[in-house]
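Report on the following structure.
Please read all numbers here as calculations on a predicted model, not as lab measurements.
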Amino acid sequence: QPVTYMFLHGNFAHIFFMLKGLYLFGMAILPILGTARFLQLYFLSGVSGAGLWLLLNWHSYVPLVGASGAIFGVMMAAAMLHPNMRIQLLFPPIPMTMKTFVTVYAVIEIVSELTSGGSSNVAHLAHLGGFFSAYLYLKYLYGNRVWDMFGALTSWIKFPAAFKKQPPIRPSSKVP
């Protein structure tokens, strides 16, 4: 169930916006990560989102549904790999960089979780779990070669690279 919840959605709008986010942000990182690492990122973010939500909502009878933890992980990866990529919000129509978008969104999620008192129908903790696990995964893969949202807080941590030869941060020709 920590995996299957990602394939259930509340309504058509919920799944539509999840798929739109997956497409928009996923297309920015799939050529760099490749299929295998992209799927690892996706499922790690989704399972971590469920884990964080469950950790702090252990006795809740409210079901957790949706892929938002995984999608938020994909968004974090897009910001880390393309921090200065320009995007434009729909409502309100404001242009900004990916790193600004993800930072603002993370702050909104934290404030929303702290002010909702657990009465929200939105799993803010799942979103934050996806964000955080994607951050750790990308730092593990690429070390200090990616944008670091927590740079000032983690400057003293040396993130190990996953392999002696780190994967390149450029599009791979092996992506289907």
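Residues Arg37 and Leu33 come closest through the heavy atom pair CB-O, 3.3 Å. The two residues Ala126 and Trp53 have their closest heavy-atom pair at N-CB, 4.2 Å. In this structure, Leu22 and Ile71 approach most closely via the heavy-atom pair CB-CD1, 3.5 Å. Pairing each heavy atom of Ala78 with each of Ile29, the nearest pair is CA-CG2, 3.4 Å. The shortest heavy-atom contact between Ala79 and Val102 is CB-CG2, 3.5 Å. Here the shortest heavy-atom pairing between Leu41 and Ala134 reads CD1-CB, 3.6 Å.
The backbone N or O of Gly46 lies less than 3.5 Å from a partner atom in the side chain of Tyr5, making a donor-acceptor pair. Of the possible polar contacts, one joining the Thr103 side chain to the Lys99 backbone as a donor-acceptor pair under 3.5 Å is found. No side-chain donor-acceptor contact under 3.5 Å links His82 to the backbone of Met98.
Hydrophobic clustering, with ILVMFWY side chains joined whenever heavy atoms are under 4.5 angstrom apart, groups Val47 together with Leu136. Taking hydrophobic clusters as Ile, Leu, Val, Met, Phe, Trp and Tyr residues chained together by side-chain heavy-atom distances below 4.5 Å, Phe150 shares a cluster with Leu44. Val122 and Phe16 are not part of a single hydrophobic cluster, where members link through side-chain heavy atoms under 4.5 Å apart. Both Phe25 and Leu39 belong to a common hydrophobic cluster when Ile, Leu, Val, Met, Phe, Trp and Tyr are linked at side-chain heavy-atom distances under 4.5 angstrom.
Within a 6.0 Å radius of CZ in Phe132, no more than 12 heavy atoms belonging to other residues, nucleotides or ligands are found.
Taking the six-membered ring where tryptophan is involved, the planes of His124 and His127 are perpendicular, since the angle between them exceeds 60° and thus also 30°.
For the pair Val74/Phe38, a side-chain contact is recorded, criterion being any heavy-atom separation below 4.5 Å from C-beta on. The side-chain heavy atoms of Met80 and Tyr142, taken from C-beta on, include no pair separated by under 4.5 Å. Counting heavy atoms from C-beta outward, Tyr135 and Asp148 have side chains that approach closer than 4.5 Å. At least one side-chain heavy atom of Met96 sits under 4.5 Å from a side-chain heavy atom of Ile94.
Between the CD atom of Gln40 and the OG atom of Ser45 there is a distance of 11.0 Å, given to the nearest 0.5 Å. Rounded to the nearest 0.5 angstrom, Met149 CE and Phe131 CZ are separated by 6.0 Å. The OG1 atom of Thr100 sits 9.0 Å away from atom CD1 of Ile87, with the distance rounded to the nearest 0.5 Å. We find the CG-CG distance between Leu138 and Leu81 to be 5.0 Å, quoted to the nearest 0.5 Å. Once rounded to the nearest 0.5 Å, the distance linking CG of Leu64 with CG of Leu125 reads 10.0 Å. Summarising the geometry, atom CG belonging to Leu128 is positioned 9.0 Å from atom OG belonging to Ser112; distances are rounded to the nearest 0.5 Å.
For Phe101 and Tyr105, the ring centers sit closer than 6.0 Å to each other.
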